[in-house]
Amino acid sequence: MAETLSATTVRELAGDAPSSDTRALTLVVEGMHCGNCMRKVERTLQAVPGVVAARVNLSNGRAHVTTSPNGVELDTLVEALRGVGFKSYGLVEGTAPAHVAHDAAYLRRLGVAGFAASNIMLMSVAVWAGIASDMDASLKTLFHWLSALVAIPAVAYAGQPFFQSAARALRARQLNMDVPISLGVTLATGMSLYQTMRGSDQVYFDAAVSLLFFLLIGRYLDMAMRSRASSAAQNLLGLRATAATVVLPDGTTQRLPTRDVVPGMRILVAAGERIPVDARVRSGTADVDESLITGESRPRHVEVGDTVYSGAISVTGTLETEALAREENTLLADISRLMGVAEQARGRYVRLADRAARLYAPAVHLLGLGTFVGWMLLGHGWEPALTAAVAVLIITCPCALALAVPAVQVVASGRLFRSGIILKAADGLERMAEVDTIVFDKTGTLTLGEPRLVNGANIDDATLGRAAGLAIASRHPYARAVVAAAKARGLAAAPVPDVAEVAGAGLRHVGIVGETRLGSASFCGESDSIADSGSTLWLRTADGHATAFHFTDPLREDAASVIIRLSNAGFHVEILSGDGRAAVAEAAGAAGVTYWQAELKPADKIARIDQLKAEGRKVLMVGDGLNDAPALAAGHASLSPATAADISQTAADAVFQGERLAPVIDVLLVAHGARRRALENFGIAIGYNFIFVPLAVIGLATPLIAAIAMSASSIAVTANALRLSRQRLGRLT
Amino acid sequence: MTALAWTIPIALFLGGLGLAGFLWSLRSGQYDDLDGASWRALDDEPPERS
């Protein structure tokens with residue numbers, strides 16, 4: 001429904017009559033942040049021949065494109081956007097977001113409840129004012145009838161989500177928060193109608209409807225959080241649906257969706273492309289970047305006969321490969337399965353509000369029933385007894401529970417968003433507030449995941465500039481590091497023409513004066529010292545002069561201080577890495593972590609996390625690689641840097657941006673703050689009950705008192721939640 | 001008191017008008033992209049009608 005809705009909007013805005021001879025495509029576009037990006041993307045898409053209209057939705061980072069029926073291929077659009085610097089990919093069809101329609105339905109109910117609540121309140125205020133002055137009894141009755149006229153349809157419509165959920169719970173022989181809500185609202189409405197007919201004063205229409213209004217606000221906030229999280233997850237899933245270039249038997253090539261690739265097909269992987277399925281190399285050599293799979297940042301050199309895994313990226317050469325597996329049998333798919341199993345355990349987590357509801361709902365019912373029975377026993381007859389019971393149900397109705405926790409969550413996620421942290425799981429913050437153990441991956445998490453030049457101080461500008469001129473032709477991480485170092489020094493690295501790249505060796509340029517080489521020691525004719533084999537590049541100029549460039553994958557600049565702060569706050573910190581022992585030992589030493597393990601496979605990481613869980617620890621997993629994805633799903637809570645593999649970002653509860661590690665502390669601080677606010681809100685709500693429930697039990701809760709109690713407690717909890725937005729969060733404890 | 005016979009229906013009607021307006025804006029997708037809409041308001045050029 002949502003898709004057709006937006007497609008219609010697009011057509012209307014384009015001034016076209018809706019017709020069936022257009023086709024709608026949806027693209028996920030990364031990196032759109034402002035109006036300029038939005039306009040650029042729209043102009044670019046509209047300029048592509050065959051595109052009828054294009055409209056960007058900045059909120060969810062998507063572009064809806066309407067094309068003539070056989071006009072434009074998705075790839076053309078992606079290519080056009082790449083031309084102006086935006087990375088994009090098509091959204092998998094058949095994954096239309098059902099939750100958007102859901103959101104709109106909640107908003108509609110919210111609108112109706114708000115309208116009814118304000119109008120009934122208007123009349124109620126008149127009646128209450130009439131108690132003090134002289135209001136005619138017949139006029140009062142007229143106002144009550146008018147209230148009933150507005151309230152009954154509004155309750156019937158706006159209360160449906162609660163009624164349905166309560167009915168589901170009762171069918172499963174359980175109690176949830178919606179049972180007392182439904183009971184309270186329906187009883188109050190029914191009883192008020194009866195009292196209106198009798199011309200009595202005990203009319204609670206305003207309370208019933210404003211109760212629904214407040215509760216719907218809470219529900220809507222909760223829903224909006226969830227759908228934002230799920231649309232982010234869906235955007236990430238779209239990444240996997242990439243295409244493969246298949247060589248057909250007649251020698252021509254064709255782009256096929258990865259899911260249509262079968263074993264035995266010949267697949268062409270150009271430099272810079274991701275390998276679509278596990279495959280064996282048939283011809284060509286290349287360096288492949290497998291950092292997403294193994295966590296090892298240095299590319300691996302592959303030749304004919306070697307196996308390459310899906311998700312790896314060819315950084316240097318073009319490979320012709322033979323597919324070994326279908327998409328669902330690849331290493332990537334195995335990892336997703338491992339992740340699915342690990343995630344089930346997390347699905348059993350019960351949210352704070354639900355845990356409170358389990359205690360609260362029976363108590364409310366008992367109190368209501370007790371009031372009714374008590375009044376009956378005292379011989380007052382069923383009518384005042386039921387009225388008192390209804391008043392108890394209305395006063396105790398869990399506004400605070402239903403409104404306060406979502407409000408806290410929305411405020412907390414807004415605060416995190418401002419500091420570059422995107423919260424993905426709705427209950428992620430609650431789980432993060434409970435962790436006592438933090439497990440870090442090394443490459444890409446504690447470190448930046450990309451090599452940096454370390455001996456730049458010993459290299460003069462001319463040499464660095466010359467090296468950068470060659471390096472700019474390559475996608476190899478070391479070459480990029482050289483270019484970055486040159487740029488950082490303000491050198492204009494003019495690209496040298498006709499640079500040849502030799503996979504697994506280096507770059508070569510033949511100029512007028514002779515040959516310049518940038519590459520491995522053997523490629524440049526230098527003796528390879530064992531200590532820095534593989535982490536050193538050599539530049540050999542035409543005159544035979546050779547310079548060494550050393551690289552290392554540095555820790556994030558604040559890694560050590562963050563880990564000290566975490567340890568001081570009482571967290572147990574560990575490193576679990578798939579990298580070699582020496583590299584992990586060095587990083588652990590530099591970061592000040594005493595417990596570490598190296599050379600772990602994804603299953604080993606899960607095993608260690610399960611072991612920690614068995615010891616009663618709650619683990620926060622921080623990782624980025626594909627090999628971390630199952631561990632991220634297995635942890636009690638999880639966090640990924642924004643540079644992480646797509647699948648890891650999908651598994652993580654939150655994603656942080658930037659080069660610093662401090663967001664880990666920010667997330668924990670906000671999580672603890674949010675938990676404190678939520679608990680305070682429960683306290684406020686229960687405090688109100690302590691004052692007003694006794695009044696209701698003895699029958700003194702007039703409709704006016706009920707209205708004041710309810711509004712005041714809702715405003716109090718919301719205000720308390722908002723404090724989280726600006727408050728300074730002190731030290732981590 | 002006869003004034004009430006006028007004012008109450010008028011109040012309800014105006015409230016209903018507001019509700020109808022809200023439902024219309026919801027249906028026509030004006031809440032689909034709040035972030036984008038805030039930027040579009042600053043766009044000087046008229047929307048292209050291609």
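When reading the values below, keep in mind they use all heavy atoms of this one structure, side chains included, and skip hydrogens, waters and symmetry mates. A note on names: the letters A, B, ... follow the listed sequences, proteins ahead of strands, and every chain is numbered from 1.
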> Heavy-atom distance under 4.5 Å between the side chains of R40(B) and R39(A), does that happen here?
Replying inline: no
> What part of V150(A) gets closer than 4.5 Å to chain B, counting heavy atoms only: side chain, backbone, both or neither?
Replying inline: side chain
>> With rounding to the nearest 0.5 angstrom, report the CZ to CZ distance, R108(A) to R27(B).
In response: 6.0 Å
> Under a 4.5 Å heavy-atom cut-off, does chain A meet the side chain of L42(B), its backbone, both or neither?
Replying inline: neither
>> Distance check, rounded to the nearest 0.5 Å: L12(B) atom CG versus F115(A) atom CZ?
In response: 6.0 Å
>> Once rounded to the nearest 0.5 Å, what's the spacing between atom CZ of F22(B) and atom CG of L107(A)?
In response: 4.5 Å
>> What part of N119(A) gets within 4.5 angstrom of chain B, counting heavy atoms only: side chain, backbone, both, or neither?
In response: side chain
